[in-house]
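Accompanying notes for the structure given below.
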Amino acid sequence: MALIVQKYGGTSVANPERIRNLANRVARYKALGHQIVVVVSAMSGETNRLLALAKELMPEPDPRELDVMVATGEQVTVSLTAMALMELGLKAKSYTGAQVRILTDNAFTKARILSIDEHNIRADLDAGYVVVVAGFQGVDEQGNITTLGRGGSDTTGVALAAALKADECQIYTDVDGVYTTDPRVVPEARRLKSITFEEMLEMASLGSKVLQIRSVEFAGKYKVKLRVLSSFEEDGEGTLITFEENERDGTMEQPIISGIAFNRDEAKVTILGVPDRPGIAHQILGPIADANIDVDMIIQNVSADGTTDFTFTVNKGDMNKALGILKDKVQAVIGAREINGNDKIAKVSVVGVGMRSHVGIASQMFRTLAEEGINIGMISTSEIKISVVIDEKYLELAVRVLHKAFDLENA
Ligand code: ASP
Ligand code: MG
């Protein structure tokens with residue numbers, strides 16, 4: 001007997017028929033003798049519908065009120081799911097985040113989980129119930145309803161699995177696993193049987209949207225065994241996110257690269273003719289951090305003539321804000337020549353733990369791009385990834401040729 005947490009996304013609870021399918025799957029697991037905790041999202045489109053409704057009345061909606069409202073999406077699906085399970089003759093009980101007591105901080109719309117009281121859930125499981133918990137929501141010390149940020153039901157699932165020391169956390173979604181890259185860009189992309197937690201973290205932060213990144217961080221911290229699966233397939237094995245490097249795909253001949261990730265959501269800000277003296281980087285990035293703007297890549301040239309160029313990337317939506325903050329300082333305070341922004345860029349990354357023990361990955365990547373005449377604007381590396389910034393219009397070409405160059409279509 002195992003304790004399994006199954007998280008179902010919005011498409012898996014989109015209508016009564018799909019909820020019935022979900023209940024049938026749960027019943028099959030239950031019949032095998034497992035204890036099951038189900039975590040559900042709101043019906044697909046529901047969270048967006050609610051957010052749009054709020055904006056009609058208050059263009060910048062009050063965050064506390066927003067959370068009271070959007071949490072209703074999941075409250076609907078937990079009860080419907082419990083009803084569908086009861087109709088199959090199972091004992092089932094639904095819980096909101098507050099009823100479980102998923103305690104969070106009070107950062108409305110992006111709250112963090114502080115603790116989970118798993119007491120009642122455990123008692124219900126032992127009494128033979130399937131427990132259905134609302135994803136995405138919690139409650140703060142004062143009893144205010146909070147939510148965990150978009151896609152937050154993944155985090156609820158993983159956090160519950162950690163609190164209950166579950167044997168596995170299964171994330172059911174509308175794709176059948178994690179792919180070597182987005183199959184919409186490269187039709188030959190292949191589902192990975194497994195991927196290491198570290199690689200998954202890179203893939204998620206680099207734009208692969210299968211899992212909310214915080215859920216992956218959570219899984220890493222508490223060593224939760226995670227599996228991504230399709231809710232539309234009977235017996236798919238999905239993708240296992242593993243902590244063991246030698247458990248990952250292709251054990252016989254370890255692939256060096258596991259996937260190609262990309263991100264179209266970044267823009268770059270460049271400051272030209274920056275005087276090369278101590279404190280400059282802080283003068284530029286300090287005000288950006290103070291404005292709560294996330295910076296991803298940072299590049300500063302060596303100076304040949306006492307001045308240098310300084311470039312960093314931010315989310316596209318933050319570019320104008322960053323330019324606005326620095327505009328007046330560039331000449332007056334920093335003593336640089338000019339500043340400009342470019343939001344027609346994209347970031348492409350090759351990711352793989354095998355890179356640690358292999359040289360030449362970077363040169364192979366750069367050669368592949370050069371052969372297509374794709375210019376590299378920025379480069380950054382870590383132990384297990386190499387990212388480049390290129391012109392947005394070459395993104396799909398870059399992903400395709402890299403996927404081929406690293407032989408990812410063949411297992
Ligand atoms: N319903 C929330 C959203 O759409 C949370 C989730 O589905 O994970 O973001
Ligand atoms: Mg999701």
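Numbering of ligands and ligand atoms starts at 1, following listing order.
- Residue contact check for ligand 1: G10 places no non-hydrogen atom closer than 4.0 Å to it.
- Shown here is R112, whose CZ atom has no more than 12 heavy atoms of other residues, nucleotides or ligands within 6.0 Å.
- Below 3.5 Å of separation, one finds an N or O of T47 facing an N or O of ligand 1.
- If you number the atoms of ligand 1 from 1 as listed, the ones under 4.0 Å from a heavy atom of S153 come out as 5 (C), 6 (C), 7 (O), 8 (O).
- Under 4.0 Å is where a charged nitrogen must lie from a carboxylate oxygen, and between E392 and K344 no such pair does.
- Close N/O approach between G149 and ligand 1 is not found [any backbone or side-chain N/O within under 3.5 Å].
- For ligand 1, the atoms sitting less than 4.0 Å from at least one non-hydrogen atom of R150 are 3 (C), 4 (O), 9 (O), numbered in the order shown with element in parentheses.
- Numbered from 1 in the order shown, with element, the atoms of ligand 1 that lie under 4.0 Å from a heavy atom of G151 read 3 (C), 5 (C), 6 (C), 8 (O), 9 (O).
- A salt bridge links R191 with E237; the closest basic N to acidic carboxylate O contact falls under 4.0 Å.
- Residue contact check: E74 has heavy atoms under 4.0 Å from atoms 1 (N), 2 (C), 5 (C) of ligand 1.
- The existence of a salt bridge linking K7 and D154 is confirmed by a sub-4.0 Å separation between a basic side-chain nitrogen and an acidic carboxylate oxygen.
- No heavy atom of G73 sits closer than 4.0 Å to any atom of ligand 1.
- Salt-bridge formation is not detected for the pair R184/E396: no Lys NZ or Arg NE/NH1/NH2 atom is positioned less than 4.0 Å from an Asp or Glu carboxylate oxygen.
- Closest non-hydrogen pair, D105 versus T146, comes out as O-CG2, 3.7 Å.
- Taking every heavy atom of S41 and a limit of under 4.0 angstrom, the matching atoms of ligand 1 come to 6 (C), 7 (O), 8 (O).
- Residue-level proximity to ligand 1 for E46 is absent, since no heavy atom of it falls below 4.0 angstrom.
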Q: Please step through side chain to side chain donor-acceptor pair (under 3.5 Å) for the pair R150 and N48, ending with a clear verdict.
A: CA-CA 10 Å; R150 298 307 306 269; N48 287 340; 3.0 Å; yes
